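Every value quoted in this text rests on a predicted model; they were computed, and no experiment measured them. No hydrogens, no waters, no symmetry mates; every other heavy atom, side chains included, goes into these values.
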Amino acid sequence: MGWKTLDDMDLQGKTVLTRVDINVPMEDGAVTDDTRIRRLIPTMTDLMAGGARPVLLAHFGRPKGKVVPEMSLQPLVPALEAAFGAPVVFVADCRGPAAEAAVAALQPGQILLLENTRFHPGEEANDAELAAGMARLGDLYCNDAFSAAHRAHASTEALARLLPACAGRLMEAELKALEAALANPKRPVTAVVGGAKVSSKLDLLGNLVAKVDTLVIGGGMANTFLAAQGIDVGKSLCEHDMTDTARAIMERAAAAGCTILLPTDIVVAREFKAGAASETLAADACPPDAMILDAGPATVDAIARAFASTRTLIWNGPLGAFEIAPFDIATNEAARKAAEFTAAGQLISVAGGGDTVAALNQAGAADSFSYISTAGGAFLEWMEGKDLPGVAALSQ
Ligand code: ADP
Ligand code: MG
């Protein structure tokens, strides 16, 4: 663990620089999805209840170190006020005299929002001087932006080393869920890795085979593993130049005592479109003019049996082309099984990844999972076993 939470900090009368992720979708100057903002409510509530004055630091878009008016955080003020139930004061810089004056004038019960940190080139350069300029504004630092923790930026890394630092509630929940999944999991641990390509998830597969008891490989990347065993996958999505890599991963798994589950039956079609005529065949029977678009029922049964004896489940990547029916069936059924076992208290389930979250929502399974990470890149880097600079800086 090694990092502090808000419970470890004396907040009374303190100005708390709070790094948040409010990089929300906007249209015509209004927030269209405030999920990321609402997830900050526990931290904002606890800061204010503890007598602290929150000062928010955040990025928005990719202004590349220049002031880009369209990427100002000012239009977010009404959405923040609505979510947090408190007045939000905005100041057009994240350091310097105007920001210092705004902090000095901030009243208890108010929240200060500083302008987009990425308007300064020092943000992405993790510049010590920019971090020092921000540190002058507060007494404490609270990082609640797990989704930005895989980047060593001034507001996520250097600043954390200049002030007493802790994790916010969202960061805390995310780290606890991820530590429960991979650092100290209840065994047996099963990981499901699916999605389009082996090449985009090499580090993930490499880390997981050394740590989990069973690895379910599905989706397009399973085709590459089938091809690596000499199976003809027809016109399927397949990285033929990655078959050596796939074989190496299977050898590492065998050496580590990790069982790999590949599809034993497949659903194939001639067209990649909704409602395309499909048939279910053995995994080694894909016709030369067909594509594998989903796993078949025997594979789903085998996955369900593996889940039945699993205590911890990690999931990234759908088992098939879940966006187009009927190739969403394996993903939906396996997801519902995982949800059912989680609801019964048999296992802890942690999932992440853009398409994975969409697929679990579509299956109606997301609400029953123990934890769904919306952190994208940071979630994957954690699962790849990498140190996240924003977390490491809290753990000093
Ligand atoms: P995530 O965003 O959760 O990390 P990925 O982006 O790796 O997941 O993978 C999701 C994509 O993989 C989806 O667009 C899905 O259609 C695609 N996919 C899964 N199985 C297949 C398959 N058999 N053939 C082609 N595409 C597939
Ligand atoms: Mg994706």
Side-chain angles (χ1 to χ4, degrees), residues 190-198 200-201 204-205 208-209 212 214-239 242-243 246 249-250 253 258-287 290-310 313-341 349 351 353 355-356 358-360 362-365:
T190 297
V192 175
V193 179
K197 290 179 170 177
V198 174
S200 66
K201 296 193 178 172
L204 179 66
L205 292 165
L208 290 178
V209 290
V212 307
T214 302
L215 176 61
V216 175
I217 298 180
M221 70 168 63
N223 302 337
T224 302
F225 280 82
L226 294 175
Q229 296 176 319
I231 291 171
D232 184 354
V233 295
K235 290 207 157 54
S236 303
L237 176 66
C238 177
E239 294 169 286
M242 296 296 290
T243 49
I249 289 168
M250 288 190 279
C258 167
T259 304
I260 290 192
L261 279 189
L262 282 170
T264 55
D265 59 346
I266 52 178
V267 179
V268 306
R270 264 90 184 165
E271 294 168 288
F272 190 91
K273 68 169 203 209
S278 63
E279 52 187 327
T280 302
L281 302 166
D284 60 359
C286 180
M291 287 172 287
I292 304 171
L293 293 178
D294 200 11
T299 303
V300 174
D301 279 349
I303 293 172
R305 278 197 301 280
F307 285 179
S309 59
T310 291
L313 175 68
I314 298 163
W315 191 321
N316 171 258
L319 296 176
F322 75 100
E323 300 96 331
I324 48 174
F327 309 107
D328 55 346
I329 293 177
T331 302
N332 287 343
E333 293 193 349
R336 286 175 197 140
K337 270 286 165 206
E340 183 188 317
F341 289 134
S349 49
D355 291 292
T356 307
L360 296 180
Q362 182 179 300

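In this structure the side chain of Cys286 never reaches within 4.5 angstrom of the side chain of Leu281, judged on heavy atoms. Counting heavy atoms from C-beta on, the side chains of Arg305 and Lys337 never come closer than 4.5 Å.
Listed for the Ser278 side chain is no donor-acceptor partner under 3.5 Å among the backbone atoms of Val267. Asn316 contributes no side-chain N or O that, together with a main-chain N or O of Val193, makes up a donor-acceptor pair within less than 3.5 Å. No donor-acceptor distance shorter than 3.5 angstrom exists from the side chain of Arg270 to the backbone of Ala277, with no hydrogens or angles considered.
Atom CG in Asp294 sits 8.5 Å away from atom OG1 in Thr280 (nearest 0.5 Å). The line from OG1 of Thr310 to CD1 of Ile303 is 11.0 Å long, rounded to the nearest 0.5 Å. How far OG1 of Thr243 is from CE of Met250: 9.0 Å, rounded to the nearest 0.5 Å. The CZ atom of Phe341 sits 9.0 Å away from atom OG of Ser309, with the distance rounded to the nearest 0.5 Å.
Nearest heavy-atom pair across Ala269 and Leu293 is CB-CD1, 4.1 Å. Ala359 and Asn332 make their closest contact through O-OD1, 4.4 Å (heavy atoms, listed as atom of the first residue, atom of the second, distance). Considering every non-hydrogen atom in both Ala334 and Phe307, the closest pair reads O-CE1, 3.4 Å. A pairwise comparison of heavy atoms in Ala365 and Ala335 identifies CB-O, 3.5 Å as the closest pair. Looking at every heavy atom in both residues, Phe327 comes nearest to Ala276 through CZ-O, 4.2 Å. The two residues Ala191 and Leu208 make their nearest non-hydrogen contact at CB-CD1, 3.9 Å.
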N/O donor to acceptor pairs below 3.5 angstrom from side-chain atoms of residues 317-326, sequence neighbours left out:
none

Would you tabulate the side-chain donor-acceptor contacts of residues 214-229 under 3.5 Å, counting partners in other chains and residues two or more places apart, or write 'none'?
from	atom 1	to	atom 2	distance (Å)
Asn223	ND2	Leu237	O	2.9
Thr224	OG1	Glu239	N	3.0

